[in-house]
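Reckoned from all heavy atoms, side chains included, excluding hydrogens, waters and symmetry mates. If you read the sequence from its start, that first residue is 1, and numbering goes on from there.
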Amino acid sequence: MSLPGTETIRFRRPTTGPNAQKAAEEPKKDEFGSMAPLGFKKRHQGLLQDQVGRNRPGPFVPTLSYAFRLLWLIRTVAAMYAVISDCDEVFNFFEPLHYFQYNSGFQTWELSPEFAIRSWTYVLLHWPLAHVVPKVLSVGKRPAFFALRISLGAICSFCEAKFFRTVVETINDRVARYLLFGLMLSAGMWTASVAFLPSSFCMYTTMIASAYWFHPATSTPTGVKRAYMATFAFAVGAIVGWPFSAALGIPFLLEQLFLTGGEVVLPAQKGVWMTKRWETMGKAIGLAAGIAIPVSMIDSWAYGRSTFPTLNIVTYNLFSGNGPDLYGTSPTSFYFANLFLNFNFLLPLALISLPALAITYKFDYRRLGKTQMKPKEGETSPYTLLAVRLSPFYLWLAILTAQAHKEERFMFPAYPLLCFNAAVTIYLIRGWIETYYIHVTNSPYNASRSSIFSIFTLLAVLIPGAISFFRVGGSLYFYHAPFDIVHHFQYKSIPSYLSDMGYEPIPLPENYQPYGNEIPKPQWDLTPLKNLENPITLCYGTEWYRYPSSYLIPEGVRVRFIKTDFDGMMPRPWEPSNTTGTVWPRSETRVIKERKFNGENKASEDPGTYVDSSECTYLVSLTLPSTSHTQLEQNWAEKPEWEEEYCKGFLDAASTKWWARLVWLPGGLLEKGRVWGDYCLLRRKAE
């Protein structure tokens with residue numbers, strides 16, 4: 001503090017020498033010629049623009065690596081604990097992979113060379129994931145099962161992280177953050193991310209395709225690469241995975257052919273521009289379609305005849321006269337109800353994304369576009385570009401809702417797009433609140449300091465996330481028994497059986513030192529199971545469709561089905577292949593046998609499909625209060641020849657109140673509305 005009349009001396013900062021200081025930066029013009037005041041963050045180059053708080057640091061946005069690790073942590077937990085909700089995943093994908101790897105498993109009619117509906121190319125792509133790590137670690141089939149699922153989780157996590165980072169760069173930081181929360185916390189992504197299904201594979205490829213598509217379309221080398229990579233990703237999903245997923249690429253195709261995207265094209269240049277775009281797209285489609293050649297060759301090799309399953313599944317569903325309706329039909333509301341269970345409030349947010357964009361256009365126009373002005377002549381409106389990016393979810397939902405046969409897994413390819421649409425809606429609603437706040441207070445400064453907007457968005461992502469958390473908890477609490485049963489079978493029942501036959505566990509090493517109060521668990525050599533004169537037979541009756549795959553059953557144990565009242569086409573055991581010294585080791589994939597399979601979902605007359613219950617050593621049985629027993633579907637637990645070895649509770653959904661089966665809540669909440677059955681492993685009594 002200076003006293004009145006005091007003279008002061010001010011020194012200039014040195015501009016040269018070791019103590020020189022850099023002069024203060026002057027305001028610079030941005031790419032649009034506007035002066036950017038010092039202290040203001042650089043304008044985002046995405047489609048959506050923040051209007052409040054531009055002079056404050058932006059939100060924390062994870063890097064690609066950080067997002068990947070965060071997602072993979074969650075996906076690994078899902079790989080270890082998520083239930084398998086669709087028997088197609090087991091019998092059409094896990095079982096053929098198990099057969100290729102271990103020469104045993106179950107075959108469905110789709111994998112018969114007569115029909116060749118399922119692609120061996122898709123199945124074999126996963127063989128290294130289930131083979132390499134267990135081979136290196138010298139572990140058995142059970143670790144191979146989880147190694148495959150963890151690998152799928154890693155692949156999905158990378159695709160999600162890539163998609164997320166693209167939204168950061170091309171849409172908006174905040175939208176990307178909301179998207180990341182949706183991907184991480186939703187119950188739908190928990191299931192789909194680690195599912196061994198073509199629809200999950202298409203979900204991966206859709207995210208990769210969108211990661212390229214969302215960048216602006218141009219005629220530069222970067223823009224050409226964008227077109228090639230997005231087209232390739234969509235094509236891989238359709239040709240290797242599920243051909244119907246190609247519909248998700250229609251909006252990208254239309255944008256590439258008809259919208260200028262990141263370019264300004266004057267009317268005089270339109271003809272040349274369109275010729276280049278069509279030429280680029282034609283080459284991209286031609287090169288991507290080339291994927292069909294190796295896929296067809298591998299499948300023809302596996303089936304022993306010239307065939308192309310990608311085409312076969314289209315012709316069967318559309319032109320065979322049988323089609324998917326044989327497997328049940330559902331009302332129009334099916335997907336809306338199912339998606340709400342898996343995404344709860346993110347679903348309505350996703351459904352209103354286009355109307356929300358229209359409202360923003362009317363009342364908050366400057367929210368979109370780098371220039372925040374009307375588009376120039378020959379330039380595509382940012383509203384049009386964002387609308388195109390929001391449209392695939394609507395298109396996919398409309399196509400699937402129009403089909404009579406509906407299944408949850410059919411929606412998997414659009415799950416990330418649902419999260420994206422919901423994230424955009426959250427951001428737009430936040431923009432409305434900001435605009436109204438400024439209108440009422442007439443103070444952009446106060447708006448930049450207010451926490452109202454961040455509280456709204458925090459609740460918008462955390463409430464659906466919390467509900468999904470309890471939804472996932474419910475699926476584990478209600479329906480995990482099939483996995484618990486086979487775990488007990490391998491680690492308790494088999495050792496007990498071997499002990500009764502006189503076998504002993506593997507002795508501990510002489511130099512073994514227990515850790516602390518650790519009680520060492522006995523380890524058993526299961527090799528004798530392969531050489532038993534009367535092999536152990538594990539049977540499934542009404543629970544055949546919840547069979548969790550042969551990967552979770554020790555080698556040497558036979559798994560068989562006993563006949564029930566179900567009159568549809570059943571999987572049947574694959575005949576072991578004796579082919580040696582050939583490149584393709586499983587000759588049975590090429591054999592057509594009479595009376596074995598049909599494409600009409602009718603019960604097979606082949607005697608190898610079922611065994612009599614008298615041949616079963618163990619039997620998996622479910623007893624529910626709502627179930628009425630018949631001659632074929634008996635209450636096996638009450639039969640004198642069987643004894644309960646291990647039982648777990650299993651929710652009787654038909655008898656449980658609807659509100660009690662939606663989610664699990666701690667403290668026994670909602671338990672009064674639940675009715676439980678017994679999911680049991682039965683052992684035949686010794687005679």
Which label fits Trp396 and Trp242: parallel for a plane angle under 30°, tilted from 30 to 60°, or perpendicular past 60°? perpendicular
Classify the side-chain pair [X]/[Y] by whether it contains a donor and acceptor separated by less than 3.5 Å.
X      : Y      : value
Ser493 : Glu645 : yes
Glu644 : Trp636 : no
Ser468 : Trp190 : no
Glu95  : Ser550 : yes
His480 : Lys648 : no
Asp173 : Tyr427 : no

So does [Y] get a backbone contact from the side chain of [X], meaning a donor-acceptor N/O pair under 3.5 Å?
X      : Y      : value
Ser450 : Asn446 : no
Tyr204 : Ser193 : yes
Arg149 : Ala79  : yes
Arg174 : Asp50  : no
Thr206 : Cys202 : yes
Asp652 : Gly677 : no
Lys141 : Ile553 : yes
Thr627 : Thr623 : no
Arg367 : Leu428 : no

So which heavy atom on Leu417 is nearest to which on Ser210, and how close? CD2-OG, 4.1 Å
If every non-hydrogen atom of Leu619 is compared with every non-hydrogen atom of Leu538, which pair is closest and at what distance? N-CD1, 4.5 Å
What I want to find out is whether Glu160 reaches Arg75 closely enough, with some N-O distance under 4.0 Å, to be called a salt bridge. yes
Sequence-distant partners of Cys156, disulfide bond (SG atoms under 2.5 Å apart), two or more places apart: none
Tell me, please, which residues at least two apart from Cys539 pass disulfide bond (SG atoms under 2.5 Å apart). Cys616
Under the salt bridge (charged side-chain N to carboxylate O under 4.0 Å, His left out) definition, can you give me all pairs with a residue in residues 393-418, not counting sequence neighbours? Asp86-Arg409, Asp88-Arg409, Glu407-Arg409
So is Arg683 actually on top of Trp642's ring, under 6.0 Å and inside 45° of the axis? no
To the nearest 0.5 angstrom, please state how far the [atom1] atom of [X] sits from the [atom2] atom of [Y].
X      : Y      : atom1 : atom2 : value
Phe163 : Leu179 : CZ    : CG    : 5.5 Å
Tyr618 : Tyr497 : OH    : OH    : 7.0 Å
Phe91  : Phe106 : CZ    : CZ    : 6.5 Å
Asn421 : Leu349 : CG    : CG    : 10.5 Å
Tyr646 : His488 : OH    : NE2   : 7.0 Å
Gln403 : Phe334 : CD    : CZ    : 13.5 Å

Going through the distances and angles, do Phe650 and Arg546 end up as a side-chain contact (heavy atoms from CB on, under 4.5 Å)? CA-CA 12 Å; Phe650 194 88; Arg546 291 194 181 99; 3.4 Å; yes
His126 and ring pair (Phe, Tyr, Trp, His ring centres under 6.0 Å): which single residue from Tyr551, Phe196, Phe145 fits? Phe196
Reference residue Phe420; test ring pair (Phe, Tyr, Trp, His ring centres under 6.0 Å); the match among Phe214, Tyr178, Phe393, Phe164: Phe214
Is it the case that over 12 heavy atoms from other parts of the model lie below 6.0 angstrom from the CH2 atom of Trp72? no
